[in-house]
Amino acid sequence: MGIARIKGFADIFPPESDNFTRIESVAREIFGRCGFVELRTPLLEFTELFQRSIGEETDVVQKEMYTFPDRKGRSLTLRPEATAGVMRAYIDSGIIARESVTRLFTTGPMFRYERPQKGRLRQFHQINCECLGTQSPFADAELLHMLLCFLRELGLTQVSLHLNSLGCPTCRPQFTTALLDFLNQVDNTALCEDCCRRRHTNPLRVLDCKQPGCRAVTDRAPRLLDSLCADCRRHFETVLRLLDTQQWAYALDHRLVRGLDYYCRTTFEVLSGDIGAQSAVAGGGRYDGLVRSLGGPDVPGVGFACGMERLSLLLGQSTTTQPVFYLLALDALSREQGWALAQRLRDGHMTGITNFQEGGVKSLMRQAGKSGAKYCLIVGPDEARSHDVVIKHLESGKQVCVPQDDALHYLQTGIDSHE
Ligand code: HAM
């Protein structure tokens, strides 16, 4: 019996793997233009890193982490997100002493033990950006602008940006008290089981519960945006004004508190209506206290992550690269010549594949047709003797027989231009 794949862990074949490559290369281009450099962090970290950064009372830490002891009994966790590891690396590396503002992006797999469904996996992939070292609202706006440009460059225009401000240690406690007072007047039966727990452990999270009953209750709840202190209000208004100057549309969403505890001030998500229930393609925000809470200096930061699987769902199947040629060798002698010709064509930057197996010309031609190649190249015993190759345009059926030395030129210019 074969060995099964682990539930929620996917094998990524084309076209999805092609989509991933495209997403990463567009990200490198757009983020690189804004000064972001790539950081690769380990997949495994000490569990404490995530407990201290993401927050003990979050769903991620409570129920979704892949945690296990190593051979010495130390508790390790497969990273459920990138930000915590990036902060650890940032503190470890001493970059802080060398630069005042640091811009880092990272890509790769993350692990969360969630119920798998369309757009939600247990191993999924993120592209993650962090801008460290500035409290300026311009950094928030630049990051949002960069994210939206990235999505636009991928052709994803049917997405919407949702924004909120979570305030700071000056104004949030007051809001939390007001929210608690409000929730204390709500009967337990009006809230879902999770929210009955959250109202005591993490009351802000009650605001973003998706259950209709809870939403009906929190429609009447106090709103964070109404209780911001003057500094937080000014910060948020500047971010909005800068987005306006670039003509980006956005919706203010008082429920957007995010599922990770490190956020303050600006928080955001980009949603798509086209990929089902798991509609968030990106999420992020500001986290000014995070570096210090992990033992580093008091360095503010802002960042986001995009889900690659969800971006790929939106991209569809459009990006698979088709080979230019499919080279058929018909017997043992022509096989070696054909194989050498294929290598020369690839050296000339042509994409192509060759057949390794023997077979009738008809069935080999069928394979060539299925490969999606533009041209079928045939080297049989006659062509091998004269060092020629037949180049057949698969769509029109038109073909020419040319010296093998000229094949690259014919493929580059197209066989029609030689009539
Ligand atoms: P997050 O909202 O937990 O934020 O995840 C960001 C994105 O990762 C989501 O919007 C979604 O597209 C994708 N994602 C999350 N979980 C899954 C899953 N189980 N399957 C597929 N895709 C998923 C963070 O992770 C923060 N670290 C973002 C951040 C960076 N904030 C500041 N800097």
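Worth knowing before you read on, the calculation uses all heavy atoms, side chains too, and leaves out hydrogens, waters and symmetry mates. Note that ligands are numbered from 1 as they come in the structure, with each ligand's atoms numbered from 1 the same way. Since the structure is predicted, the reported quantities are computational estimates derived from the model, not experimental observations.
For residues 145-159, the set of pairs meeting the side-chain hydrogen bond (donor to acceptor under 3.5 Å, both in side chains) definition, not counting sequence neighbours, comprises H145-W248.
Between E309 and Q278, the side chains place no donor N or O within less than 3.5 Å of an acceptor N or O (distance only, hydrogens not considered). With no hydrogens or angles considered, no side-chain donor-acceptor pair links N355 and Y326 at under 3.5 Å. Using modelled atom types, one finds a donor on one side chain and an acceptor on the other under 3.5 Å when comparing R199 with N188.
Of the charged side-chain nitrogens involved, none lies within less than 4.0 Å of a carboxylate oxygen, so that R198 and D208 do not count as a salt-bridged pair. Note on R197 versus D194: salt bridge recorded, some NZ/NE/NH1/NH2 to OD/OE distance being below 4.0 Å. We find that D347 and R344 are not joined by a salt bridge, their nearest charged nitrogen and carboxylate oxygen being 4.0 Å or further apart.
Of the polar atoms of E309, none of the N or O atoms is found under 3.5 Å from an N or O of ligand 1, judged by distance alone.
In this structure, the protein non-hydrogen atom closest to atom 27 (N) of ligand 1 is E81 OE1, 2.5 Å. From the protein, the heavy atom lying nearest to atom 21 (C) of ligand 1 is G119 O, 3.2 Å. In terms of protein heavy-atom proximity, atom 12 (O) of ligand 1 is closest to A280 O, 2.8 Å. The nearest protein atom to atom 13 (C) of ligand 1, hydrogens excluded, is given as G307 CA, 3.6 Å; this is a heavy-atom distance. Counting protein heavy atoms only, atom 30 (C) of ligand 1 is closest to T83 OG1, 3.0 Å. Closest protein heavy atom to atom 19 (N) of ligand 1: E114 OE2, 2.7 Å.
The backbone N or O of G352 sits less than 3.5 Å from a side-chain atom of R346, completing a donor-acceptor pair. With hydrogens and angles ignored, the 3.5 Å screen pairs no side-chain donor or acceptor of S312 with any backbone N or O of M308. Looking at R310, its side chain does come within 3.5 Å of a backbone N or O of A280 through a donor-acceptor pair. Looking at R120, its side chain never comes within 3.5 Å of a backbone N or O of A277 through a donor-acceptor pair.
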Applying salt bridge (Lys or Arg N to Asp or Glu O under 4.0 Å) to E29 and R33, what does each step give before you reach the verdict? CA-CA 6 Å; E29 167 72 26; R33 266 187 233 156; 3.0 Å; yes

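Contacts between R258 and ligand 1, counted as non-hydrogen atom pairs separated by less than 4.0 Å, involve the side chain only. Contact annotation for Y262 and ligand 1: only side-chain heavy atoms (C-beta onward) come within less than 4.0 Å of the ligand. Only the side chain of Q126 comes within 4.0 Å of ligand 1, judged by heavy-atom distances. Within the 4.0 Å heavy-atom criterion, the part of E130 lying near ligand 1 is the side chain and not the backbone.
Taking only non-hydrogen atoms, the option from F268, Y263, Y287 nearest to atom 29 (C) of ligand 1 is Y263. In this comparison of F304, F124, F111, the heavy atom closest to atom 15 (C) of ligand 1 sits on F124. For atom 24 (C) of ligand 1, the nearest non-hydrogen atom from the set V86, L121, L260, L313 comes from L260.
Close approach of ligand 1 to A305 (heavy-atom distance below 4.0 Å) involves ligand atoms 6 (C), 7 (C), 28 (C), 29 (C), 30 (C). Which parts of ligand 1 touch G284 is read off a 4.0 Å heavy-atom cut-off, strictly below it: atoms 31 (N). Contact atoms of ligand 1 toward N128: 30 (C) (distance under 4.0 Å to a heavy atom of the residue). Heavy-atom contacts of A282 reach the following atoms of ligand 1: 10 (O) (cutoff under 4.0 Å). Shown in contact with V281 at under 4.0 Å from a heavy atom are these atoms of ligand 1, numbered in order with element: 10 (O), 12 (O).
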